[in-house]
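See below for the structure under consideration.
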Amino acid sequence: MAGVIRKLIQNPVTFSKFFTSHSVGINANVAAAQRLFSTGATHLQREFVLTEKTGSKKNIGLITLNRPKALNALCDGLMRDLSDAVEEFEKDREIATLIITGQGKAFAAGADIKEMQTLTFAEVVTGGFLSHWLRVSQCRKPVIAAVNGYALGGGCELMMMCDIAYASETAKFGQPEILIGTIPGAGGTQRIIKLAGKSKAMEICLSGNQFSAAEAEKMGLVSKVLPPDQLLPEAIKLAEKIGSNSKIIVGLCKEAVNRAYETTLTEGLNFERRIFHSTFATEDRQEGMSAFIEKRPPNFQDK
Ligand code: CAA
């Protein structure tokens, strides 16, 4: 039976005929299934992203954007694979923290221009183009971007959807959409202004100029700039440090920090205090404070 299913999904025409349907949903599932089986590996592999459990406790979910010939341009298939990978690691109880990085000389050079070139207004509106890009920003677990090279357009936006960004000294950033007759569509105009203020946001979005990792750090877009060979080890070290804390408290803390983006200071402070209060309902809060007083490391149980 598995062989029959594999044959069907390797041939979308047969697959579609089999189900006597040509609906968008079926075709999307065919594409996803084909990507999953494309390597012929015994376990499920994705076409456009590599996933790996890493770190000394194998509790870090590493996602590598893997379309290096196109500088990891964020085609629809890649974004769907990325969403699936985030979903998989989010559900995996062993995984504490996620890291996203890129294969080759780019983190991601933006949305796929070749894929977008012929789209019409009606198609992007009715198809909700880019609406599924939000998955990374909705992840309940912390996500670190390890920016190894170009982070342009959607690549820069993807980085800003992550909670923390480390960058290689060689990384280049920018929102060059204006140069190809469009504007950022996945948070560029909204998130840069919150990090770097209006003047910088306008300069970046209206000029399309690229900027360096050092400038990105100065603006607060990334928190650390590292030599290329230290980027991933340092991101993993940070992910492990975060992973040594209680998962439940880390999740609550992430929620509180993110609330600052969405609300007023007074609302945010009230929300934070309530979340702080709610930590007193957890065993890990009790364990953390007891461990401090007893001068021993805490043994969090994620409860
Ligand atoms: N979409 C599709 N293909 C892309 C791409 C993109 N965003 N960026 C690079 N590629 C492809 C190139 O077409 C090229 O493919 P071929 O070999 O088949 O020609 C390959 O990747 C290598 O690229 P280059 O030869 O251009 O490499 P380079 O080193 O000379 O230049 C670069 C690198 C400066 C990043 C240049 O590729 C570039 O400017 N890319 C486009 C950046 C961009 O405009 N991004 C914004 C996209 S729109 C967007 O992201 C909207 C949004 O908000 C979501």
Side-chain angles (χ1 to χ4, degrees), residues 31 35 47-50 63-83 86 100-139 143 145-162 165 167-196 200-216 219 221-222 228 231:
R35 290 200 305 278
E47 183 176 359
F48 297 115
V49 305
L50 305 172
I63 301 174
T64 305
L65 310 180
N66 188 31
R67 209 188 162 208
K69 280 189 187 150
L71 304 183
N72 301 322
L74 304 167
C75 62
D76 194 53
L78 190 153
M79 289 312 288
R80 288 188 192 281
D81 280 357
L82 176 60
S83 297
V86 168
I100 300 177
T101 193
Q103 190 77 269
K105 69 174 185 178
F107 177 70
D112 191 314
I113 300 168
K114 293 168 190 167
E115 212 175 60
M116 288 188 293
Q117 187 196 8
T118 56
L119 291 178
T120 64
F121 173 71
E123 282 167 342
V124 294
V125 172
T126 53
F129 187 56
L130 299 191
S131 55
H132 66 295
W133 276 40
L134 291 176
R135 187 62 186 88
V136 170
S137 61
Q138 292 163 343
C139 183
V143 186
V147 183
N148 51 302
Y150 288 116
L152 301 176
C156 191
E157 293 168 313
L158 174 62
M159 174 198 77
M160 290 188 287
M161 286 180 213
C162 298
S168 156
E169 287 161 355
T170 55
K172 287 269 179 206
F173 301 80
Q175 295 292 158
E177 291 89 344
I178 201 88
L179 306 175
I180 55 167
T182 184
I183 72 162
T189 63
Q190 303 302 299
R191 288 200 171 98
I192 292 179
I193 198 164
K194 292 207 160 81
L195 296 164
K200 280 286 179 197
M202 285 291 188
E203 185 184 339
I204 290 165
C205 295
L206 299 184
S207 72
N209 286 344
Q210 291 183 15
F211 52 95
S212 68
E215 287 172 282
M219 281 182 237
L221 264 65
V222 307
L231 175 67

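Please read all numbers here as calculations on a predicted model, not as lab measurements. Counting convention: from 1, in listed order, for ligands and their atoms alike. No hydrogens, no waters, no symmetry mates; every other heavy atom, side chains included, goes into these values.
- Considering backbone and side-chain N/O of Leu152, none are found under 3.5 Å from N/O of ligand 1.
- In this structure, atom 21 (O) of ligand 1 has protein heavy atoms in its sub-4.0 angstrom surroundings.
- The heavy atom nearest to atom 11 (C) of ligand 1, out of those in Gly208, Ala70, Ala111, is found in Ala70.
- In this structure a side-chain-to-backbone donor-acceptor pair under 3.5 Å is missing from Gln175 to Pro184.
- A donor-acceptor contact shorter than 3.5 Å links the side chain of Glu157 to the backbone of Gly187.
- Counting only heavy atoms, the protein never gets under 4.0 Å from atom 38 (C) of ligand 1.
- Short contacts between ligand 1 and Gly153, defined as distances under 4.0 Å to a heavy atom of the residue, involve ligand atoms 46 (C), 50 (O).
- Within the 4.5 Å cutoff, the side chain of Leu82 has no heavy atoms near those of the Phe48 side chain.
- There is a protein heavy atom closer than 4.0 angstrom to atom 44 (O) of ligand 1.
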Can you give me every donor-acceptor pair (side chain of residues 125-133, partner residue at least two apart or in another chain, under 3.5 Å) with its distance?
from, atom 1, to, atom 2, distance (Å)
Thr126, OG1, Ala122, O, 2.6
Ser131, OG, Gly128, O, 2.5
His132, NE2, Asp76, OD1, 3.2

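- Nearest-heavy-atom check against atom 28 (P) of ligand 1 across Lys105, Gln210, Gln117, Lys172 picks out Lys105.
- With atom 16 (P) of ligand 1 as the reference point, the heavy atom nearest to it among Lys114, Met79, Lys69, Arg67 is part of Lys114.
- Within the 4.0 Å heavy-atom shell around ligand 1 one does not find Glu115.
- Scanning all heavy atoms of the two residues, the minimum distance from Leu78 to Leu65 falls at CD2-CD2, 4.0 Å.
- The side-chain heavy atoms of Cys205 and Ile183, taken from C-beta on, include no pair separated by under 4.5 Å.
- The proximity of Leu130 to ligand 1, defined as any non-hydrogen pair under 4.0 Å, is limited to the side chain.
- Taking a distance limit of 4.0 Å, we find that atom 53 (O) of ligand 1 is approached by some protein heavy atom.
- With sequence neighbours left out, Asp112 forms a side-chain hydrogen bond (donor to acceptor under 3.5 Å, both in side chains) with Arg67.
- Counting only heavy atoms from C-beta outward, the side chains of Ile204 and Phe173 never approach each other to under 4.5 Å.
- Checking atom 48 (S) of ligand 1 against the protein gives a heavy-atom contact under 4.0 Å.
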